[in-house]
Amino acid sequence: MLKLNNIKKRQRSSIFGKYNYFLPEIDSTNEYAKRLALGGAPEGTVVLTDFQKEGKGRLNHRWESSKDVNILMSLILRPRLNIDQVLRLTLASAVIIIKALKKSVQHASTESVDFTVKWPNDIMANGKKIGGVLLESSLREKEVLFVVIGIGLNINQDVSILNEDIRKSATSLYAETGLTFERELIIANILNFFERDYFKMERTNYSGVIREWKNYCTHLGKEIKIESHAGEVKAIFLDINQKGILIYRTESGEEKELITGSVKHIGTGHGVND
Ligand code: BTN
């Protein structure tokens, strides 16, 4: 079971994690966080659990996770951004989580793991998905009232017990290193990096986030397959813009924007950044 005291001991943040809620079992930490936010919970409030009965992933997928072994958390943000800028938080969160994971792996002084991002917010370890971010926002007209950032990370998950389909594309820190990690330490690292980078980003330095995100992205400039409500298309991943939207070129040479959907890297390609 997660121990809040062990998170607190390692927290250097004062806003992120000032209020930490832990529920041994819950429907979804995002749902709980939304209820708290509606009741006025402040920015930086954290919801943690050891098991979700109805964990939610992006694009209406379910998020499955074994009990007691992974990180399932949600953060409440009250950003001074407008609706158009909210997608930035997704990319920023992915970058922050990678920094926290890298630090945690270094701390375990094991072989390094290659952490990368896949648009918009999949966290990859040695090419397989280790986690993801689900951002949900509450809006009043153009105003952002609050944002909930849901973070799911496979930490000590034994992937051999997962069904074959998931096993092909998913991994955990344990599967990549053979080590068991203290989840509280990783959570504290996430909160510490959020406190440092989120406020910087919110006020001034978003282009820094885009730069860092691109550094962690392996499929920029490459051939990708895009899956969206419009179906599947092959394309070249050209860039992401300042809003965090993916810009791609179709096979017929048109340039388009992808706001919601997912991508698969399918080739070494011949894109603009090669
Ligand atoms: C994805 O589809 O990649 C995003 C997955 C996000 C899962 C996390 S687990 C904690 C939080 N609560 C949820 O119900 N979902 C997010």
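Just follow the structure's listing: the first ligand is 1, and inside any ligand the first atom is 1. These numbers come from the heavy atoms of this one structure, side chains and all, not from hydrogens, waters or symmetry mates.
In the hydrophobic cluster analysis, where Ile, Leu, Val, Met, Phe, Trp and Tyr join through side-chain heavy atoms closer than 4.5 angstrom, W63 is grouped apart from M73. Cluster membership for Y248 and W119, using ILVMFWY side-chain heavy atoms within less than 4.5 angstrom, is shared.
Proximity to G55 (heavy-atom distance under 4.0 Å) selects the following atoms of ligand 1: 14 (O). The D122 neighbourhood of ligand 1 comprises atoms 3 (O), with distances under 4.0 Å to a heavy atom of that residue.
The protein atom (non-hydrogen) at minimum distance from atom 3 (O) of ligand 1 is K129 NZ, 2.6 Å. For atom 2 (O) of ligand 1, the closest non-hydrogen atom on the protein side is R58 N, 2.7 Å. Remark: minimum distance from atom 11 (C) of ligand 1 to any protein heavy atom is reached at T29 OG1, 3.2 Å. The nearest heavy-atom contact from the protein to atom 13 (C) of ligand 1 is Q52 OE1, 3.4 Å.
In this structure the side chain of V95 never reaches within 4.5 angstrom of the side chain of I98, judged on heavy atoms. Using a 4.5 Å heavy-atom threshold, the side chains of T29 and L23 count as separate.
The distance criterion of under 3.5 Å between nitrogen or oxygen atoms is met by S28 with respect to ligand 1. At under 3.5 Å, not a single nitrogen or oxygen of W63, backbone or side chain, sits near a nitrogen or oxygen of ligand 1.
The shell of residues lying under 4.0 angstrom from ligand 1, judged by heavy atoms, excludes E31.
Residue contacts with ligand 1, taken as heavy atom pairs separated by less than 4.0 Å, involve I151 solely via the backbone atoms N, CA, C and O. With a 4.0 Å heavy-atom cut-off, ligand 1 is reached by the backbone of V133 but not by any atom from C-beta on.
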* Would you sort out whether S14 and E195 count as a side chain to side chain donor-acceptor pair (under 3.5 Å), showing the intermediate values? => CA-CA 8 Å; S14 51; E195 180 120 346; 3.1 Å; yes

* To do: Please lay out, stage by stage, how Y198 and F16 fare under the test ring-ring contact (aromatic ring centres under 6.0 Å, His included).
  => CA-CA 10 Å; Y198 165 71; F16 281 89; 5.5 Å; yes

* Go through E54 and R62 one step at a time and tell me if the salt bridge (charged side-chain N to carboxylate O under 4.0 Å, His left out) criterion holds. => CA-CA 7 Å; E54 285 164 52; R62 281 178 70 84; over 6 Å; no

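With distances taken over non-hydrogen atoms, the option nearest atom 7 (C) of ligand 1 out of H61, K56, E64 is K56.
Contact check on D122 versus K264 returns no salt bridge, with no Lys/Arg side-chain nitrogen under 4.0 Å from an Asp/Glu carboxylate oxygen.
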